[in-house]
Participant: 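Before we start, here is the structure in question, set down as structure tokens.
Computed from a predicted structure; not experimentally measured.
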Amino acid sequence: MTNTEKNSENLLKTSLQGEIKSITYSDTTTGWTAARANIQGEKQLVVIVGAILQPKVGDILDLEGEWVNHPKYGKQFKFDAYVPVYPNTINGITAYLGSGLIKGIGPELAKRIVKMFGNGTFEVIENRPDLLRKVSGIAEKRIDIISKAFKDQKEIRNVMVFLKGHGISTGYATKIYKRYGNDSIKLLSENPYRLCEDIFGIGFLTADKIAERMGFSGDHPLRVKSGVLYVMSQLGKNGHVYCPFNELVDKADEFLGVSTDIVRNAIITLAREKHIVVERDESNSGANPVYEKMLHICECGTAERLRKLAAGSNGLCLNKIDLRKVVAEVEQDKKIKLAPEQREAVQTACESKVMVITGSPGTGKTTIIESIAGIYNRKKCKVIMCAPTGRAAKRMTEATGFRSSTIHRLLEYTRGGIFQRD
């Protein structure tokens with residue numbers, strides 16, 4: 001986005017203050033809320049939509065957003081930032097305290113408190129709660145409840161102001177407060193990069209912008225470590241299980257714009273903290289494989305399971321038949337001629353419990369699969385085929401004539417993350 005576009009976008013933003021009068025809908029997970037609010041200058045209640053942390057009737061909010069015309073619900077104010085504010089009139093303070101926002105205070109008690117302390121009510125509750133004893137009907141236990149509830153409300157306000165000041169949208173601010181609570185400011189001031197791991201939807205690039213606004217330098221150790229993990233995650237998305245040490249140093253150096261020595265130290269620190277795994281390279285050539293921790297677990301686990309599977313017996317006893325003869329019969333049936341390596345692959349597959357076939361496109365992998373299936377089919381064995389994706393499964397069916405499905409469908413994977421079949 002150019003500076004001109006940013007300026008145009010800012011010009012469309014409107015700031016206004018509103019008091020929530022009713023809540024139509026509020027999502028407890030995301031904070032997304034639709035409410036009706038009393039907006040100064042508007043004759044009727046206005047629908048406001050956006051993320052609000054723990055919205056309650058009586059909340060007074062400074063909102064920043066834009067007016068929109070919803071095709072179904074009409075005129076609305078859609079906000080992307082807000083800050084809770086305290087009312088400054090006697091009536092406003094009374095309504096605020098009596099709205100249920102502050103646990104322990106109802107409408108009648110709110111009137112008695114404000115009657116005694118007037119515009120200084122909030123200052124008394126926050127700094128001199130002992131003075132509340134002067135109000136009839138307030139016991140010692142209730143004073144503690146009121147004081148704590150007021151401090152919690154103030155903390156929410158402080159956190160929202162802090163996050164808004166560092167360019168964090170209301171939606172993310174809501175998630176952050178739900179995750180960290182009253183420790184939000186402290187934890188993010190210490191390490192804004194923790195957002196990458198803790199808050200869904202916030203990646204390194206967003207956290208890096210927040211950290212920059214907080215004054216974190218480009219070569220700060222926390223930034224470099226988080227940047228290395230980001231580079232590794234991007235490599236993983238492109239299908240790479242690991243990255244050689246020196247290659248990772250170069251890629252992270254290019255991405256972060258810091259010295260290679262700083263990147264090397266960050267990788268070593270991450271390995272020491274067990275966030276990543278660096279395997280040994282006996283040649284000492286800098287080709288040590290560097291893994292994300294979970295990918296290393298998956299890689300080693302897959303290799304171990306394949307080893308155990310390969311060591312097991314075939315179970316179908318095809319090793320008791322004359323495979324050469326059967327292979328020749330399949331070649332005749334399908335009117336094909338297998339190359340020596342293809343024939344070896346087919347025989348190995350029938351004699352082993354598991355086999356991995358690799359090769360570039362057009363090297364005959366499909367023919368091998370079709371031949372293997374043909375042999376088992378001739379021996380009245382049930383053949384089931386599957387592939388990682390639906391498209392691959394469809395191609396397999398078209399090529400071999402055997403019904404194929406995705407791996408997940410074959411093993412009856414459910415939305416709960418459970419495979420119904422072993």
Participant: What pairs with T174 under side chain to side chain donor-acceptor pair (under 3.5 Å), at least two apart in sequence or on another chain?
Facilitator: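 In terms of side chain to side chain donor-acceptor pair (under 3.5 Å), with neighbours along the sequence ignored, T174 is linked to no residue.
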Participant: If the condition is salt bridge (Lys or Arg N to Asp or Glu O under 4.0 Å), which residues does R36 pass it with, not counting sequence neighbours?
Facilitator: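 Residues passing salt bridge (Lys or Arg N to Asp or Glu O under 4.0 Å) with R36: none at all.
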Participant: Would Y242 and H296 count as a ring pair (Phe, Tyr, Trp, His ring centres under 6.0 Å) if you check the C-alpha gap in whole Å, the side-chain angles of each, and the deciding distance to 0.1 Å?
Facilitator: CA-CA 8 Å; Y242 71 89; H296 187 260; 9.9 Å; no
Participant: Checking side-chain polar atoms at under 3.5 Å, does D62 have a donor or acceptor matched by the opposite partner on Q17?
Facilitator: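 Present: a donor and an acceptor within the cut-off.
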Participant: Under a 3.5 Å threshold, yes or no: a donor from one side chain and an acceptor from the other, between D219 and S217?
Facilitator: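 Present: a donor and an acceptor within the cut-off.
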Participant: What pairs with E126 under salt bridge (Lys or Arg N to Asp or Glu O under 4.0 Å), at least two apart in sequence or on another chain?
Facilitator: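 Scan of E126 (salt bridge (Lys or Arg N to Asp or Glu O under 4.0 Å), adjacent residues dropped) gives K154.
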Participant: I need the full list of ring-ring contact (aromatic ring centres under 6.0 Å, His included) pairs touching residues 30-53, with sequence neighbours left out, sorted by first then second residue.
Facilitator: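 Passing the test, one end in residues 30-53: no pairs.
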Participant: Taking side chain to side chain contact (heavy atoms under 4.5 Å, CB included) as the test, write out the residues that go with E197, two or more places apart.
Facilitator: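 Testing E197 for side chain to side chain contact (heavy atoms under 4.5 Å, CB included), a comparison that skips the adjacent residues, returns L229.
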Participant: Go through the structure and list residues passing side chain to side chain contact (heavy atoms under 4.5 Å, CB included) with V383, not counting sequence neighbours.
Facilitator: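 Applying side chain to side chain contact (heavy atoms under 4.5 Å, CB included) to V383 gives A373, Y376, M385, F402.
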Participant: Is the closest side-chain donor-acceptor distance between E292 and H275 under 3.5 Å?
Facilitator: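 No, because no side-chain N or O of E292 sits under 3.5 Å from a partner of the opposite role on H275.
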Participant: Any donor-acceptor pair under 3.5 Å linking the side chain of T414 with the backbone of I418?
Facilitator: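 The answer is yes, because a donor-acceptor pair under 3.5 Å joins these two groups.
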Participant: Please identify each residue that fulfils side chain to side chain donor-acceptor pair (under 3.5 Å) with N69, with sequence neighbours left out.
Facilitator: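 For N69 there are no side chain to side chain donor-acceptor pair (under 3.5 Å) partners, ignoring immediate neighbours.
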Participant: Which salt bridge (charged side-chain N to carboxylate O under 4.0 Å, His left out) pairs, counting each pair once, include a residue from residues 237-246, with sequence neighbours left out?
Facilitator: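 Sorted pair list comes back empty.
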Participant: Taking only residues two or more places apart in sequence, or in another chain, which ones meet N38 in a side chain to side chain donor-acceptor pair (under 3.5 Å)?
Facilitator: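 Side chain to side chain donor-acceptor pair (under 3.5 Å) check on N38 returns nothing, list empty.
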Participant: Sequence neighbours left out, what pairs pass ring-ring contact (aromatic ring centres under 6.0 Å, His included) with at least one residue falling in residues 326-366?
Facilitator: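 Residue pairs passing ring-ring contact (aromatic ring centres under 6.0 Å, His included), neighbours aside: none found.
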Participant: So, using salt bridge (Lys or Arg N to Asp or Glu O under 4.0 Å) as the criterion, who are the partners of K78 when residues are at least two apart?
Facilitator: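 Listed in chain order: nothing, the list is empty.
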Participant: Please list, chain by chain and in numerical order, all residues satisfying side chain to side chain donor-acceptor pair (under 3.5 Å) with N119, sequence neighbours excluded.
Facilitator: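 Side chain to side chain donor-acceptor pair (under 3.5 Å) check on N119 returns nothing, list empty.
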Participant: Do the side-chain N and O atoms of D208 and Y193 include a donor-acceptor pair separated by under 3.5 angstrom?
Facilitator: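 Side chains of D208 and Y193: pair found under 3.5 Å.
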